[in-house]
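Here the structure is laid out as C-alpha cells; the discussion comes afterwards.
Quick caveat, the model's predicted, so the values are computed rather than measured.
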Amino acid sequence: MAMVNFGSENKMSADHLLIKRCMDSEPFAWEEFVDHYMELVLMIIQETARLRERTLSDEEQCELCEAVFRSFRYNHFQLLREFDFRSSAAAYLIVLIRRIVIALVKCSAE
C-alpha cells in the first residue's frame, strides 16, 4: 500500500480533506463523501453507458452507483489511499468511476 503524503493541511482543498477524513474514519465523513460525489458518480455512469452505446435502467444506474461507492470503501479505502493528491480529487475520481463502471458493464454483458 502506498503511503499518502498529505503535506500541509493548510494547502489542501476541501475535497482532499474530505478524502483524508474518510481514510481516518472520522464520524460522518463517509456520508458526507457520498452526498458530495453522488451526482458526479451518476453523471459518469450515464456518460460511460452512452459512450458504450448502452442504455441503463434507473435500477441499473443505482446498482452501478452503489457498486462504485462499495469499491471506494473496499479494503479500508484502498483506491482513495492510492490518490497522490497532486491532481484534483474530482479528476482522480472520474478516472476511477469510469474504470469501475466499464469493468462492471463489461462483466454484465458477458
Note, [X] side chain near [Y] side chain (heavy atom, < 4.5 Å):
{"X": "His76", "Y": "Ser25", "result": "yes"}
{"X": "Leu79", "Y": "Tyr74", "result": "no"}
{"X": "Leu93", "Y": "Leu80", "result": "yes"}
{"X": "Gln78", "Y": "Phe72", "result": "no"}
{"X": "Arg50", "Y": "Glu47", "result": "yes"}
{"X": "Leu18", "Y": "His36", "result": "yes"}
{"X": "Glu32", "Y": "Arg21", "result": "yes"}
{"X": "Asp35", "Y": "Phe28", "result": "no"}

Distance check, rounded to the nearest 0.5 Å: [X] atom [atom1] versus [Y] atom [atom2]?
{"X": "Ile94", "Y": "Ser87", "atom1": "CD1", "atom2": "OG", "result": "10.0 Å"}
{"X": "Asp58", "Y": "Glu63", "atom1": "CG", "atom2": "CD", "result": "11.0 Å"}
{"X": "Leu64", "Y": "Gln61", "atom1": "CG", "atom2": "CD", "result": "8.0 Å"}
{"X": "Leu42", "Y": "Tyr37", "atom1": "CG", "atom2": "OH", "result": "14.5 Å"}
{"X": "Ile100", "Y": "Ile44", "atom1": "CD1", "atom2": "CD1", "result": "11.5 Å"}

task = Check Ala89 against Asp15 and note the closest heavy-atom contact, atom names and distance.
result =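 Nearest pair, atom of Ala89 first, then Asp15: CB-CB, 3.6 Å.
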ask   = What pair of heavy atoms forms the shortest contact from Cys22 to Ala29, and how long is it?
value =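 Answer, listing the atom of Cys22 first, then Ala29: SG-O, 3.6 Å.
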key: NZ/NE/NH1/NH2 to OD/OE distance under 4.0 Å, Glu60 and Arg54   =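 Arg54 and Glu60: salt-bridged.
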ask   = Can a salt bridge be assigned to the pair Glu26 and Lys20 using a cut-off of 4.0 Å between side-chain N and carboxylate O?
value =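 Salt bridge absent between Glu26 and Lys20.
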inquiry  = Within a 6.0 Å radius of atom CD on Glu39, are there more than 12 heavy atoms belonging to other residues, nucleotides or ligands?
reply    =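 Not more than 12 within 6.0 Å, no.
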Transitive ILVMFWY side-chain link [X] to [Y], under 4.5 Å:
{"X": "Ile102", "Y": "Val68", "value": "no"}
{"X": "Val34", "Y": "Met43", "value": "yes"}
{"X": "Val95", "Y": "Phe83", "value": "no"}

task = Walk me through it: do Val105 and Thr48 pass the test side chain to side chain contact (heavy atoms under 4.5 Å, CB included)?
result = CA-CA 9 Å; Val105 168; Thr48 303; 5.9 Å; no
ask   = Quick check: does any side chain N or O of Asp84 sit under 3.5 Å from a backbone N or O of Arg86, one acting as donor and the other as acceptor?
value =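 Between the backbone of Arg86 and the side chain of Asp84 there is a qualifying donor-acceptor contact (under 3.5 Å).
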inquiry  = Just checking Trp30 against Phe77, ring centres under 6.0 Å apart?
reply    =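 Under 6.0 Å, so yes.
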request  = Starting from the C-alpha separation in whole Å, work towards a yes-or-no answer on side chain to side chain contact (heavy atoms under 4.5 Å, CB included) for Ile45 and Cys65.
outcome  = CA-CA 7 Å; Ile45 288 169; Cys65 187; 3.8 Å; yes
